[in-house]
Asker: 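Once you've had a glance at the structure underneath, I'll fire off some questions.
Nothing here was measured: the structure is a model prediction, and the numbers come from that model.
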Amino acid sequence: VQLQASGGGLVQPGGSLRLSCAASGIPSDDYAIGWFRQAPGKEREGVSCIGNIEGSPRYGDSVKGRFTISRDKAKNTLYLQMNGLNFDDTAVYYCATTWPLYGLECVPLYSEYDVWGQGTLVTVSS
């Protein structure tokens, strides 16, 4: 399984970025895939996830209403549209996956995910 995250960068407060995660080799259709982030000195935090079968997105409280998770199944790519970025969103963002989900909804809790990609750094700064 390979997960390749990209799209990070430097953005001003209030700005937007879109992250991408190219996924390959997931050996099940019954999987969850999501975004997580880790800021310096802080614990890894769940941002958003989506189950491939159940399909409803879930979001961490700190990003609800600002971030949107989506996917292009034909391209095996997961996206995270981030709007209204603020200083607290500065972190390394990771995509991760786990399976099987038994058709249940995903949970954006990092301890539930087994396979991780490399991170992409998002820096919000004026």
Side-chain angles (χ1 to χ4, degrees):
V1 178
Q2 289 192 333
L3 302 172
Q4 183 75 33
S6 61
L10 176 65
V11 62
Q12 292 186 337
S16 299
L17 275 178
R18 189 178 79 156
L19 305 182
S20 300
C21 174
S24 62
I26 299 176
S28 171
D29 288 334
D30 184 22
Y31 65 89
I33 191 165
W35 291 98
F36 300 81
R37 66 186 183 185
Q38 189 163 20
K42 293 187 177 181
E43 193 171 279
R44 193 164 294 192
E45 175 188 13
V47 174
S48 183
C49 66
I50 190 165
N52 187 51
I53 293 177
E54 193 269 344
S56 298
R58 300 287 184 272
Y59 296 95
D61 289 341
S62 62
V63 306
K64 282 179 182 176
R66 299 187 298 123
F67 291 10
T68 302
I69 193 171
S70 64
R71 52 189 173 155
D72 185 329
K73 286 191 172 184
K75 295 182 178 179
N76 291 322
T77 301
L78 181 74
Y79 301 101
L80 184 69
Q81 178 66 43
M82 305 186 294
N83 298 329
L85 286 161
N86 59 56
F87 298 122
D88 291 338
D89 296 316
T90 294
V92 178
Y93 284 71
Y94 301 88
C95 54
T97 186
T98 187
W99 66 88
L101 206 55
Y102 302 107
L104 300 176
E105 63 186 36
C106 69
V107 177
L109 182 64
Y110 73 87
S111 59
E112 297 293 313
Y113 290 74
D114 306 304
V115 179
W116 293 78
Q118 95 296 350
T120 185
L121 177 63
V122 173
T123 303
V124 182
S125 176
S126 54

Asker: Give me the atom names and distance for the closest heavy-atom approach of Val115 to Val1.
Answerer: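 So the minimum-distance heavy-atom pair works out to CG1-CG1, 3.8 Å.
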Asker: Of the non-hydrogen atoms in Thr77 and Ala22, which two are nearest, and what is the gap between them?
Answerer: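 Closest heavy-atom pair between Thr77 and Ala22: OG1-CA, 4.2 Å.
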Asker: For residues Ile26 and Leu104: do they belong to one hydrophobic cluster (side chain heavy atoms under 4.5 Å, members Ile, Leu, Val, Met, Phe, Trp, Tyr)?
Answerer: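 Different clusters.
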Asker: Working to the nearest 0.5 Å, report the span between CH2 of Trp99 and CD1 of Ile53.
Answerer: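 Trp99 atom CH2 to Ile53 atom CD1 measures 14.0 Å (nearest 0.5 Å).
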Asker: Taking all atoms of both residues into account, what is the closest heavy-atom pair of Phe36 and Pro108, and its distance?
Answerer: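 Taking every non-hydrogen atom into account, CE2-C, 3.9 Å.
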Asker: Under the salt bridge (Lys or Arg N to Asp or Glu O under 4.0 Å) rule, what pairs show up with a residue in residues 46-58, not counting sequence neighbours?
Answerer: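 Residue pairs passing salt bridge (Lys or Arg N to Asp or Glu O under 4.0 Å), neighbours aside: Glu54-Arg58, Arg58-Glu105.
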Asker: Are Val92 and Val47 joined in one hydrophobic group, where the rule is that I, L, V, M, F, W and Y side chains link up if heavy atoms are under 4.5 Å apart?
Answerer: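 No.
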Asker: Under 4.5 Å between side-chain heavy atoms, chaining through other members, with only Ile, Leu, Val, Met, Phe, Trp and Tyr counted: pull out the rest of the cluster around Leu101, sorted by chain and number.
Answerer: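 ILVMFWY cluster around Leu101 holds nothing else.
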Asker: I'd like to check Tyr94 versus Leu3 (side-chain heavy atoms, cut-off strictly below 4.5 Å). Are they in contact?
Answerer: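 The answer is no, as the side chains (C-beta and beyond) never meet within the 4.5 Å cut-off.
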Asker: Looking only at heavy atoms, which two atoms of Ile33 and Ala23 are closest? And how far apart?
Answerer: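 Closest approach of Ile33 to Ala23: CD1-CB, 4.1 Å.
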Asker: Rounded to the nearest 0.5 Å, how far does CD of Gln4 lie from CG of Asn76?
Answerer: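 So the CG of Asn76 and the CD of Gln4 are separated by 14.0 Å.
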Asker: For Ile69 and Trp35, work out which heavy atoms get closest and say how close.
Answerer: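 Looks like CD1-CD1, 3.8 Å.
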Asker: Does anything in residues 68-79 pair up under salt bridge (Lys or Arg N to Asp or Glu O under 4.0 Å), and if so which pairs, sequence neighbours excluded?
Answerer: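 Listed once each, the pairs would be none.
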Asker: At their closest point, which heavy atom of Ile50 faces which heavy atom of Gly55, and how far apart are they?
Answerer: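 Looks like CD1-O, 3.4 Å.
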Asker: Throw together a table of side-chain donor-acceptor distances under 3.5 angstrom for residues 78-85, partners on residues two or more places apart or in other chains.
Answerer:
from: Gln81; atom 1: NE2; to: Asn83; atom 2: OD1; distance (Å): 2.9
from: Asn83; atom 1: OD1; to: Ser16; atom 2: OG; distance (Å): 2.9

Asker: Which residue pairs pass the side-chain hydrogen bond (donor to acceptor under 3.5 Å, both in side chains) test with at least one member in residues 106-124, sequence neighbours excluded?
Answerer: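 Those involving residues 106-124 are Thr98-Asp114.
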Asker: Say whether Phe87 and Leu17 are linked into one hydrophobic cluster, either directly or through other cluster members, by side-chain heavy-atom distances under 4.5 angstrom.
Answerer: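 Looking at the clustering, Leu17 is in the same group as Phe87.
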Asker: Could you note down all residue pairs passing salt bridge (Lys or Arg N to Asp or Glu O under 4.0 Å) where residues 84-98 supplies at least one of them, sequence neighbours left out?
Answerer: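 For residues 84-98, and leaving out neighbouring residues, the salt bridge (Lys or Arg N to Asp or Glu O under 4.0 Å) pairs sorted by first residue read Arg37-Asp89, Arg66-Asp89.
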